[in-house]
Amino acid sequence: MKMVYFFDEGDGKNKKLLGGKGAGLAEMTRLKLPVPPGFTITTDVCKLYYQNNKTLPKSLWPEVKKNITRLEKKTGKKWNSSDNPLLVSVRSGAALSMPGMMDTILNLGLNDAAVEALAKKTNSPRFALDSYRRFIQLFGKVVFCVNDKKFDEILEEAKKKQGVHLDSDLNEQSLRGIVSQYKEICQKQTGRPFPTNADEQLELSVKAVFNSWTGERALVYREKNHITKDIADGTAVNIVTMVFGNMGNDSATGVVFTRNPGDGTNKIFGDYLVNAQGEDVVAGVRTPKPVDEMKTELPKSYKLLADTCKKLEKHYKEPQDIEFTVEQGKFYLLQTRSAKMNAASMIKTSVDMIKEKLITKDRALLRLQPDQLEQLLHKTINYEKAKEFQKIVRGIAASPGAASGIAVFDVKHAVAMGENGAKVILVREETKPEDVPAFFASVGILTSRGGKTSHAAVVARGMGKPCIVGCSDLKINPETKQASVGNVTIHDGDAITIDGSIGDVYLGEVPTIEPQITDDFRTILEWAQKTKKIGIRANADTPEGAQLARKYGAQGIGLCRTERMFNAADRLELFVKLIMAKSLDERKEHLLKLQELQKSDFIQILKTMEGYKVTIRLLDPPLHEFLPNPEELINRIHKLEKLGNSQGLEDARIILARAKELAEINPMMGHRGVRVGITYPEIYEMQIRAVFEAAAELAKQKVNAYPQIMIPQVGSIAELNYIKKIYDKVKSESESKYGIKL
Amino acid sequence: MLEVVRGCLTSNELASTAEFFSFGTNDLTQAVFSFSREDVEGKFLPEYIEKEVLERNPFQTVDVNGVGSLVKIAIANGKAVKPNIEIGVCGEHGGDPNSVKFFHNIGVSYVSASPHRIPIAIVAAAQAEILDKNTPKPSKKKPLNKKKSLKKRSHK
């Protein structure tokens, strides 16, 4: 098995074997881009390392040495030499980039003798010593696990002592002091002197990179991002000849995106630093300059950078995120990878790159991550401004988007406030169907109980309203109309903001950003619409939902849940009366009223979706879901007893008796769907009639309505045929009533 | 609506009366796994995923091997009786890109998603078609199995 690939031997497509970084370096070398020479130890070696109980395979080192010899030839420098030392960087790199997870070691190969040689060769002892102290610090941190703080303290102390503010102002003497103190820290940590042999340094570094593959942060990252073994198995190690961005004022280092990752604009975006090494830019030790200034400061290098960016995009057909270094006027590319961008930039670059003839429409669509697009469809928190507000608690993000408003704890109060034009955030322990009117009146919903499929979550998602559920750290007291977490208390009427995309609750009104359907987004959706074969319909139960769905491109409704219509304030009462009815006649009387209401609902929805099919599902949930829960009723009864309200008490007791009668042990598998339709046929009959009559009336208005009736919970043809009989009867009755064929 | 396991398994019978099928994949997933969603999601499901007993939450992305197989069987049996029967999916999976791709591949006519997921579903559906058209297909031998005996059971 070949364990090591020189950059010009590697297959630039084989990320699994060489890791993303290694494959990228191989590919760039092949493209004749100015990459410093180097080689990659494969991910297979990492796997072997773990299989062999964390030992490197024996045959690895001879191969490494062979590649080092090639490096010596290419660079004219000598490995392990105190005369003309070859210095390298050691970088990890798995198949997928895992940001900030595994570290880089720079300037490997330095020791007390080599540093003097470097000083002499570059005629800059300051530069050589600065490189040396960086090496010890990175090596100590990555290989010996020394706490970085200890190094920083020494550095700060030295700066204070010398009376300077910048690392780059430290003089030779200070740096010598730092180097010797750094070595002492490492020795204290390991109990032996800092390694001086380049082979030993390299071997320890390779092992450290492999070890970091199973470090805690790496494991958590892979788990959170569903990076399974078939996506990335082990990390590769890249050994690259050092180039120095800190060799004077004609040297620089930078990190740029070939396009702006914030808005997608086609302009190089990023930062650089003169006379610095790579990590100075990332670590924020010094404030870097915007890359635009490089045009005047290092014009030749800027031109090379711009050319390289174009070349890379042309090759990879994707905006890139690159690292570069200028060593005494010579431009080097150190890394390139596909740029991570937000949804808006992805959309813009997709459209732009087609215009530039860089990619095809198919590729423009394929490169999008559909899930990411959700960002563009909801109001979002202005996270910049949010920093000024107190984040008090986090729950489960159940329905995305941001909403600010006043906290209201009581359902009726919420309805009243909402109808008066107030922006209300409904705060409840949990919600029930009877609370739905308050959903309509609120801009957002916050509950302390339940999960992503709790009533509150499902209803809020259907309405497209931001919602946080299961916020269990928030103690909600509906009696006192207060909620508290730690020493913070939210009172009725206090302003709060919820971020339903993440689950955070803020005190006060955090500014939000309106969703933006840009022209580019519209263009993308049009292309997707034309490309796709499968139909996309919406789950929508209200004319508003249907309208929104149509605006977003839905071609019909695939699920219109009729029970949602019973939850509006004026219907719920009727529906409860229906459930409570003592006789069939009484039920029919209420059903007639409900039928008219449903008919007008259907007419509105079918009109909104004119020309498309609308699948109307008959009643699905069990009847008891429409009644208050027994616990609540018992509480109400206790209160009424105290008040001595005998009429109210009598009513509540009757409802309680019915609720107990209808209660089920396992409602999911209980008396619901078609089972209700067969045992209370008049309910389904009413609903079917409402559909037919709506269709008939629309036909008379020359509206193209295409309703479909869907029967839930069907388990047998007998059930279906039972309802089919009702359907046929109602159909012919409706046809003769309206005098048309349906 | 097909969200009861028995309904799926007798789809050939149902197809004689039904003019269309729509798979309620939320309830169907609960039934196929014997999971009560509310009870499992907040409790052991995260641990299942952590311990790699389950690869992902089947309520978010459709379980291809289990629920997906049942859907495929139900479609095949239904189409054997009524070849042009319309097939829809109306669970939350309709808004999940990976699930949309699966449903595209098994010949579902439409999926249904909540309004805010519509653009996501549209883009995912386009991606499914692009990937599909770029994948070389083995020569189809389907007609052999398709119009088999099941047709006789038609009730019409």
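Here is the naming used below: chain letters follow the sequence lines, and residue numbers restart at 1 for every chain.
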Visitor: Under 4.0 Å between a side-chain nitrogen and a carboxylate oxygen: does that hold for K613(A) and E19(B)?
Guide: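 A salt bridge is absent here (no side-chain N lies under 4.0 Å from a carboxylate O).
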Visitor: Among the options G558(A), P400(A), P370(A), A546(A), pick out the one with the most heavy-atom pairs lying under 4.5 Å from chain B.
Guide: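 The answer is P370(A).
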Visitor: May I have the step-by-step check of side chain to side chain contact (heavy atoms under 4.5 Å, CB included) for Q713(A) and D27(B), ending in yes or no?
Guide: CA-CA 9 Å; Q713(A) 304 293 330; D27(B) 274 3; 3.1 Å; yes
Visitor: Side chain from CB out, backbone as N, CA, C, O: work out which of these in N26(B) comes under 4.5 Å of a heavy atom of chain A, or both, or neither.
Guide: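 No part of N26(B) comes within 4.5 Å of chain A.
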Visitor: Is A128(B) close to chain A through its backbone or its side chain, or both, or neither, when contacts mean heavy atoms under 4.5 Å?
Guide: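 For A128(B), neither part sits under 4.5 Å from chain A.
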Visitor: Which region of Q127(B), side chain (C-beta onward) or backbone (N, CA, C, O), has a non-hydrogen atom less than 4.5 Å from a non-hydrogen atom of chain A, or is it both or neither?
Guide: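 Contact with chain A: backbone and side chain both.
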Visitor: Is D362(A) salt-bridged to K133(B), cutoff N-O under 4.0 Å?
Guide: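 Between K133(B) and D362(A) there is a salt bridge, with a charged N closer than 4.0 Å to a carboxylate O.
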Visitor: Would you mind checking which part of T10(B) comes under 4.5 Å of any heavy atom in chain A, side chain (CB onward), backbone (N, CA, C, O), both or neither?
Guide: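 The side chain, not the backbone.
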Visitor: So which residue, L365(A), V674(A), T228(A), ends up with the most heavy-atom pairs under 4.5 Å with chain B?
Guide: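 Heavy-atom pair counts peak at L365(A).
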Visitor: Top residue by heavy-atom pair count (under 4.5 Å) with chain B, among G715(A), G673(A), A554(A), A549(A)?
Guide: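 Option with the top pair count is G715(A).
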Visitor: For chain B, which candidate among G545(A), A528(A), S716(A), A540(A) shows the most heavy-atom pairs at distances under 4.5 Å?
Guide: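 Heavy-atom pairs under 4.5 Å are most numerous for A528(A).
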Visitor: Under a 4.5 Å heavy-atom cutoff, which of M1(B), R117(B), Q30(B), E55(B) has the most pairs with chain A?
Guide: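 Looking at each of M1(B), R117(B), Q30(B), E55(B) in turn, M1(B) comes out on top.
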Visitor: Out of D620(A), I536(A), I557(A), T615(A), return the one with the most heavy atom pairs under 4.5 angstrom to chain B.
Guide: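 The candidate making the most pairs under 4.5 Å is I536(A).
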Visitor: For chain A, find which of L14(B), I49(B), V108(B) contributes the most heavy-atom pairs closer than 4.5 angstrom.
Guide: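 Going by pairs under 4.5 Å, I would pick L14(B).
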Visitor: Below 4.5 Å from any heavy atom of chain A, which atoms of E52(B) appear? Answer side chain, backbone, both or neither.
Guide: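 Contact with chain A is absent: no heavy atom of E52(B) under 4.5 Å.
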Visitor: What part of A18(B) gets closer than 4.5 Å to chain A, counting heavy atoms only: side chain, backbone, both or neither?
Guide: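 Contact with chain A involves both backbone and side-chain atoms of A18(B).
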Visitor: F59(B) versus chain A, heavy atoms under 4.5 Å apart: side chain, backbone, both or neither?
Guide: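 Answer is neither: F59(B) stays 4.5 Å or more from chain A.
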